[in-house]
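As the structure lists them, so they are numbered: ligands from 1, and atoms in each ligand from 1.
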Amino acid sequence: MTGRVPDGFPRGFLWGGATAACQMEGAWNEGGKGMSVADTAMHYDKDTPRSEYKKVTYDKIRAAMEYTDTDRYPKRHGIGFYHRYKEDIALCAEMGFTAFRMSIAWSRIFPKGDETEPNMEGITFYQGVFDELMKYSIEPIVTLSHFEMPLHLALEYGGWTNRKLIDFYVRYCMVCFKYFGDRVKYWINFNEMNGTRFNTFPSTGIIREDWGDKFEQATYQAAHHQFVASAKAVYQLRCMYPEAKMGCMVVPFTRYPGSCKPEDVMKMHQDMHLDCYFYTDIYMRGEYPGYALRYFKDRNIELETAAEDFALLKDYTTDFLAFSYYSTSISSVELEGWETTDGNLHTQLKNPHLEASAWGWQIDPLGLRYQLGCFCDRYNNPPVMVVENGLGAQDIVAADGSIHDNYRIEYLRRHIQQLREAILDGVNVIAYTTWSAIDMVSSGTSEMAKRYGFIYVDLDDNNEGTLERKRKDSFYWYKQVIASNGEAL
Ligand code: BGP
């Protein structure tokens, strides 16, 4: 027998936190930045039904374009990272981060998305950020598109349904590789790529009312264009920086069958295929899986493709698999009798065996080990990154300024324990970046009240606060986790 069981986290394991440009930078109209789809996202409170805050219409977009202030559209002000990034990165360095996941706002580099020349002010900004990370030897993990494409591409081109987006995206990627490639080794093509179906407007710029009963087809057409765009970007990256790595990323919606009835197990199998593996299979294996072709045929979904596409997908697959993990879901053929609850990007059936966050997201540390094992088995143990995992909670600042967030510590501790178990099982996990490094505007509802960070930001849902940063209890705890390479939990 060869090989050995690891003792724990490997040496050089990347520890850090994750962020997204549109949720933290602010400065939505500074430095030559154009308007992005994120700048049209209104604030909703936690009790707003998902169907309401996910509904994007031309009326809502027009109203957003006419409104020039930031208060109703919190992603426009974020947490002021654009002006405070040195302080924020210094705090991450103090925790001992060895990795920092961030995204580049496409609309800072190409304000409208279809220009031929980039906006140099945007490039200078990110060079400053990368320099700062290098100063502390923090490895950037950079998402090229995290729910923040230029709004112009949505309005003028129909978003990713239009094949022209491939060239715009590849041009944007090449600019990023050219100016930042000497400092960035790990790239991620699209945040939560299966968002094309579950978070359609932020992921693809598709406006539903344009498509009527062809909406589903439009989401798959957009996904196809993203697959090809990624393959072309991988080709460019390999030419320019052969050592660099491009990853794909999904939110797996890890599923359990509602019962041991074979029909429920089959439903789980099919849901995992369509919701998650369809995307990762194409990125990691380079071809459309049979179950997808059959699904398209049954639904009369016909994609427009070019002859070159399939060879590109095959030749330029992604180098690692990244995913976000917050909770698990249930598949059942019988929907009667089930309560539902909220979760990341979708509403799900309630699992009676799990607790949930105040936002209804079910907490399931063991599911993380299970999902890691599934990816390992499916793709022959590729390098995997867990690039989002965390608890959204309302934190309270005590009179002395301290923030006792032991619920967050408990959540993360239990997940890191399972991550370690997966590593002992032999899964090739290379990075863990929590969501999030620092409090920021929520992606789904644009709330500030839903906090995930180790670093508290003094800002509320009315855009009031000093923006002062404070260390939560979890800050000190995570510092010790990193220092001990995951042993002192
Ligand atoms: C993921 C997104 C993140 C993030 C997280 C938490 O889907 O990739 O950007 O914000 O979910 O979601 P929320 O902020 O809505 O609580």
Side-chain angles (χ1 to χ4, degrees), residues 16-25 36-39 41-50 52-54 74-75 78-79 81 100-106 141-149 188-204 247-254 275-276 279 322-329 341-348 356-363 385-395 408 411-412 415 433-454 457 459 461:
T19 62
C22 66
Q23 293 169 248
M24 71 165 175
E25 283 178 6
S36 84
V37 291
D39 298 322
M42 286 178 72
H43 168 261
Y44 294 97
D45 65 31
K46 106 181 201 304
D47 301 318
T48 312
R50 176 180 297 274
E52 177 53 34
Y53 67 77
K54 285 279 175 227
K75 288 176 185 153
I79 52 154
F81 179 84
F100 184 75
R101 177 175 176 233
M102 54 176 277
S103 69
I104 294 175
W106 187 346
I141 299 171
V142 180
T143 314
L144 287 149
S145 184
H146 190 135
F147 304 160
E148 61 222 340
M149 63 187 284
I188 291 176
N189 50 18
F190 296 97
N191 184 61
E192 293 180 342
M193 161 68 189
N194 44 347
T196 51
R197 277 183 56 219
F198 297 95
N199 201 22
T200 306
F201 181 66
S203 292
T204 66
C248 63
M249 188 216 168
V250 285
V251 44
F253 304 122
T254 310
D275 296 353
C276 169
Y279 303 90
F323 71 102
S324 54
Y325 181 85
Y326 295 90
S327 48
T328 47
S329 324
T341 186
D342 215 354
N344 189 21
L345 303 199
H346 75 158
T347 304
Q348 57 203 32
S357 78
W359 274 261
W361 297 25
Q362 304 183 102
I363 301 170
M385 293 188 182
V386 178
V387 289
E388 288 185 29
N389 173 231
L391 179 71
Q394 246 157 337
D395 295 329
R408 181 167 295 107
Y411 177 102
L412 294 173
H415 283 81
T433 57
T434 64
W435 190 270
S436 53
I438 179 168
D439 293 346
M440 65 187 69
V441 175
S442 135
S443 174
T445 50
S446 297
E447 288 166 282
M448 250 332 275
K450 189 184 195 185
R451 297 173 180 274
Y452 286 88
F454 301 111
V457 176
L459 185 70
D461 279 330

What residue and heavy atom of the protein are closest to [atom], and at what distance?
| atom | answer |
| --- | --- |
| atom 15 (O) of ligand 1 | Gly444 N, 2.8 Å |
| atom 5 (C) of ligand 1 | Tyr326 OH, 3.2 Å |
| atom 12 (O) of ligand 1 | Trp361 CH2, 3.5 Å |
| atom 7 (O) of ligand 1 | Glu192 OE1, 2.6 Å |
| atom 3 (C) of ligand 1 | Glu388 OE1, 3.4 Å |
| atom 14 (O) of ligand 1 | Ser443 N, 2.7 Å |

Any heavy atom of Val251 closer to ligand 1 than 4.0 angstrom?
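Checking ligand 1 against Val251, which is what was asked, there is no heavy-atom contact under 4.0 Å.
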Using 0.5 Å steps for rounding, measure from the CZ atom of Arg451 to the CD atom of Gln394.
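Answer for the CZ-CD pair, Arg451 versus Gln394, is 9.0 Å.
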Distance (rounded to the nearest 0.5 Å) between Trp106 CH2 and Ser36 OG
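Answer rounded to 0.5 Å: 11.5 Å.
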When you measure from the side chain of [X] to the backbone N and O of [Y], does any donor-acceptor pair fall under 3.5 Å?
| X | Y | result |
| --- | --- | --- |
| Gln23 | Val441 | yes |
| Tyr411 | Gly390 | yes |
| Lys75 | Ser443 | yes |
| Asn389 | Tyr325 | yes |

Checking contacts here: is it the side chain or the backbone of Asn199 that comes within 4.0 Å of ligand 1, counting heavy atoms only? Could be both or neither.
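No part of Asn199 comes within reach of ligand 1.
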Nearest candidate to atom 9 (O) of ligand 1, where distance is taken over non-hydrogen atoms, out of Lys450, Met24, Gln23, Glu447
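Result: the heavy atom closest to atom 9 (O) of ligand 1 is in Gln23.
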Identity of the nearest option to atom 6 (C) of ligand 1, non-hydrogen atoms only, from Trp359, Tyr452, Phe147:
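Among Trp359, Tyr452, Phe147, the closest heavy atom to atom 6 (C) of ligand 1 belongs to Tyr452.
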Ring-plane angle category for His346 and Phe253, please: parallel below 30°, perpendicular beyond 60°, tilted otherwise.
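The rings of His346 and Phe253 sit tilted, inter-plane angle from 30° to 60°.
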Does Asn344 form a side chain to side chain donor-acceptor pair (under 3.5 Å) with Glu192? I'd like the steps, not just the answer.
CA-CA 11 Å; Asn344 189 21; Glu192 293 180 342; 3.1 Å; yes
Give the atoms of ligand 1, by number and element, whose distance to some non-hydrogen atom of Ser442 is under 4.0 Å.
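So the answer, numbered in order with elements, is 13 (P), 14 (O), 15 (O).
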May I ask you to check if ligand 1 and Asn344 share an N or O to N or O distance below 3.5 Å?
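Yes; the residue has a nitrogen or oxygen that sits under 3.5 Å from a nitrogen or oxygen of the ligand.
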Test your reading of the structure: does Thr445 have an N or O sitting under 3.5 Å from an N or O of ligand 1?
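So ligand 1 has no N or O lying under 3.5 Å from an N or O of Thr445.
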Are Glu148 and Ser103 close enough, and set up right, to give a side chain to side chain donor-acceptor pair (under 3.5 Å), and what steps lead you there?
CA-CA 9 Å; Glu148 61 222 340; Ser103 69; 2.8 Å; yes
